[in-house]
Every structure is written in C-alpha cells, then in structure tokens.
Amino acid sequence: MPVSISKQLFSQAQSLIPGGVNSPVRAFKAVGTDPLFIDRASGCRVVDVDGNNYIDYVCSWGPLILGHSHPQVVEAIVQAASKGTSYGAPCLPELELAAMICEAFPSIDKVRLVNSGTEATMSAIRLARAFTGRDRIVKFEGCYHGHADAFLIKAGSGLLTSGVPTSPGIPPELAAYTLVAAYNDLSSVEALFEEQGGDIAAIIVEPVAGNMGLVLPESGFLEGLREITTRYGSLLIFDEVISGFRVTYGGYQNLAGIKPDLTTLGKIIGGGLPVGAYGGSREIMDMVAPQGPVYQAGTLSGNPLAMAAGVTTLKILQSSNVYTELERRCARLTDGLGQGFAQFGENVAINRLGSMFSVFFTSRQVNTHEAVMSCDTGRYAAYFRAMLQRGVYYPPAQFEVSFVSMAHRDEDIEETITAARRALELLS
Ligand code: HOZ
C-alpha cells in the first residue's frame, strides 16, 4: 500500500517541529495513528492532502460554530485584509467587538482583547492577584486554562491524554501558588479556603468543563463557588473560552444566572482567527494598563482581521434561531449515536450541552474528573480510528469535546450515525 501524503508530511514535520505538530493533541498520539494534514475545509467538511473527505466534529476545537469558510466571514476577512492586516494602533473594528461582548455579558463592563485564550487567562490571573493583593489561585483537576505556568498543574486537554498532568519546567515555588480542587465537589473548595482563604486571589473554573471531555456543572456547584469567593473576598473567574457564545448568545453564565468577577473568552469571538479576551467590572478592569498599573500588551491584539471575523460571526449568531437549531441538530446526532451504542451493547456515557458533546467509553455517569479517568481510552481510540476510516473526524483524544456547527446538516448527521453503526459492527 502506498504511503499516504499525510504520513510523509508528518515524517518531515517531525524533523522540523517538536512532535511534528504545533499543539500536542493534534499528533493523534492518544488514538494510536498518524495525524491528517488538512488541505482545505468548507462547511462541516475537511479534506486532507490525500483527498479524503471527512465530516468534522473538531471544528478547530470550537471556534467554527458556523462551519468552515463561512462565506460572510471569509468576505469580512478579505475586506478587512484589503485595508491592511495589522496596524498596532486602535481601529474601529476593535470597538465593535468590544461593544458586542460587553452587551452580551451582564458581568462585563470593560474588556481587553488579546490573541489567544491562554493570554486571556494568564492576564486575568495577574489582574485578580493585583486587585486582591493575594497570590494563590484555585483551579480544578481536569480543567484546562491554556498553557501558562500557573495552569499546568493537574490540567486537562493534552496533558490529560499524555498522562503528564503537570508539566516539567514550572518551578515548584510557582506551582505552590496553584491550589487544586475537585470539579463538582464544593467540599474540596471549602477545605482549601478554610486553610488558605485569606491568601486566595481567585478561583478559575470552566463553568462547563470542556477539556476532560464535556463535564457539566452539577446543580449548586457554580452558585457555591460564587458564594465562597464572595465570603472570602476572592474573585471568581469563569473561563468561557470554549463555552462563550457556544451554548447561548453570551456565556454559560447567562444561562446559569451567575455573575463572575472576570470572564475569559476566545475561539468563537474570533470567528476562526486567533483571538482572546478578558473582561469584568469597570472597577477591576480599570486596573489594567494604561488606565491602571497591571501591565499587559500585544502587537497583534485587536488586529482588524480577527475583529472582522469575530464581529461577523457574532452578528450571524444574533440572528434568528441559531442556538435552537444547533441544539436540535446535536440532540439528533447524540440520540442517533446513543441508539447505535445501545444496539451493540457498548458501555458509553454521552454528555451533551447545546452543540457540544462527548462520548465517554465507561459504564459510569461522568460528572467528575475521577469518573472521566475511568474511561477506556483504548476503546475510544479504536472507535476514533474506525470512524475516521468511515469519513468522520472526531477529536483525537477521549478527553476533548466534539462540536456541531450550523454547517452540519441533517444529512451529515444521518451519515455520521450510519458510519457509527458500521464502526461498531466492526468493533463488536
Ligand atoms: N488544547 C486544545 C483543545 N482543548 C487543542 C488545541 C489545538 O490543538 O489546536
């Protein structure tokens, strides 16, 4: 059998780029095969360099809620590029995106635009520390907030699949400032605050955990975090990089009716271009330079291309029944998949919220990090490969979320359900 072009490129890439990829999970290590090199993408489909066509449920890890190369988003980027790609100076599109974010989030009076979710979370922590005059932060096991030092302690996403939950290269003195609690377990948070509450600047949490697969907050969990942080004078930071504009227009906080002190965003607000943002009350945000002393800057921050893609995406999301439709399509998919799993006697738990879902290979309900870790990752890998062979591209790791976009039509969903049945036939 001839060696595929993807395989050849991956082999070259490994001599030029660490692990052959620019973000670890893309290397497909967790699913025991070689990565695809993508040539092009349109709607809900990606096409690799060998000409294979796949229905894509990775959707660039979340930003592409409208699907790949949405004509209006592409047009907005082209128009913006024709006027210059970056000014390193204020421009009108920044204002438009900032206004849309502030309007969509009751908790955000002011927002600072950056280039990635990682930048947003690390800046939010700096700000929380400055605002409270405290150094420690609390994060949750299995939550992932980008790759800044403070967050790579018992983190999710690529660290979870690689089995290295805490990265080397982080001085232990620094790591000691990050306290780790258990997601959906308020008593673990109480215990940390009872001991060190006076030193804790903030809790940072994915209100919907999306980096250990999809794990939903149990009733009272987020409310409890709000109460504890308020009681101890700490800040509550919602990392809505994934959930922002994914589950509703605005954030999960809009649905939950909880006001965090700071919110971090990324992905969808850039319409597929690199972007991030952090925002909160005027009082807190006015501490950011040049208004205040907390320094944070960026050459490409607020660049007109990302702003144009983001503004156009949000405008489309504002229109009509996008979220109802996304919900319907994703429910149709997970119902169909669930019936197939039941038919073949496969033990899975399917978690879904709006257009996000995860299929966990376990017989348990998955509501904690501990339950996540009970999954049969080998079975997921086999399922992933069987689906890939049948033209469906799922996240290449058990501990990531799948996304449905507005470009996934009913036909694509039915095709996926059929492919899944065939894959299970093979695996059973
Ligand atoms: N950490 C991202 C998923 N949770 C993966 C980013 C990427 O590989 O593009």
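This one's a predicted model, so the numbers in the text were calculated from it and none came from an experiment. The chain is numbered in sequence order, starting from 1. Indexing begins at 1, ligand by ligand and atom by atom, following the structure's order. Keep in mind that the numbers below use all heavy atoms, side chains included, and drop hydrogens, waters and symmetry copies.
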| message | Donor-acceptor pair, distance only, cut-off 3.5 Å: does the side chain of K139 make one with the backbone of K154? | response | yes

| message | Would the distance check show the side chain of E94 and the main-chain N or O of M307 forming a donor-acceptor pair, the cut-off being under 3.5 Å? | response | no

| said: Check this for me, if you would: do R364 and E370 make a salt bridge, where the nitrogen-to-carboxylate-oxygen distance has to be below 4.0 angstrom? | reply: yes

| message | Heavy-atom contacts with ligand 1 below 4.0 Å: which residues, ordered by chain and residue number? | response | S23, V25, R26, W61, Y144, S157, N211, E400

| request: Kindly indicate, with the supporting measurements, whether the criterion salt bridge (Lys or Arg N to Asp or Glu O under 4.0 Å) is fulfilled by R329 and D412. | output: CA-CA 10 Å; R329 294 185 198 186; D412 304 307; over 6 Å; no

| Contact summary for F105 and F245, nearest pair of heavy atoms | CE1-CE1, 3.7 Å

| message | With a 6.0 Å cut-off on the ring centroids, do Y394 and Y383 count as close? | response | yes

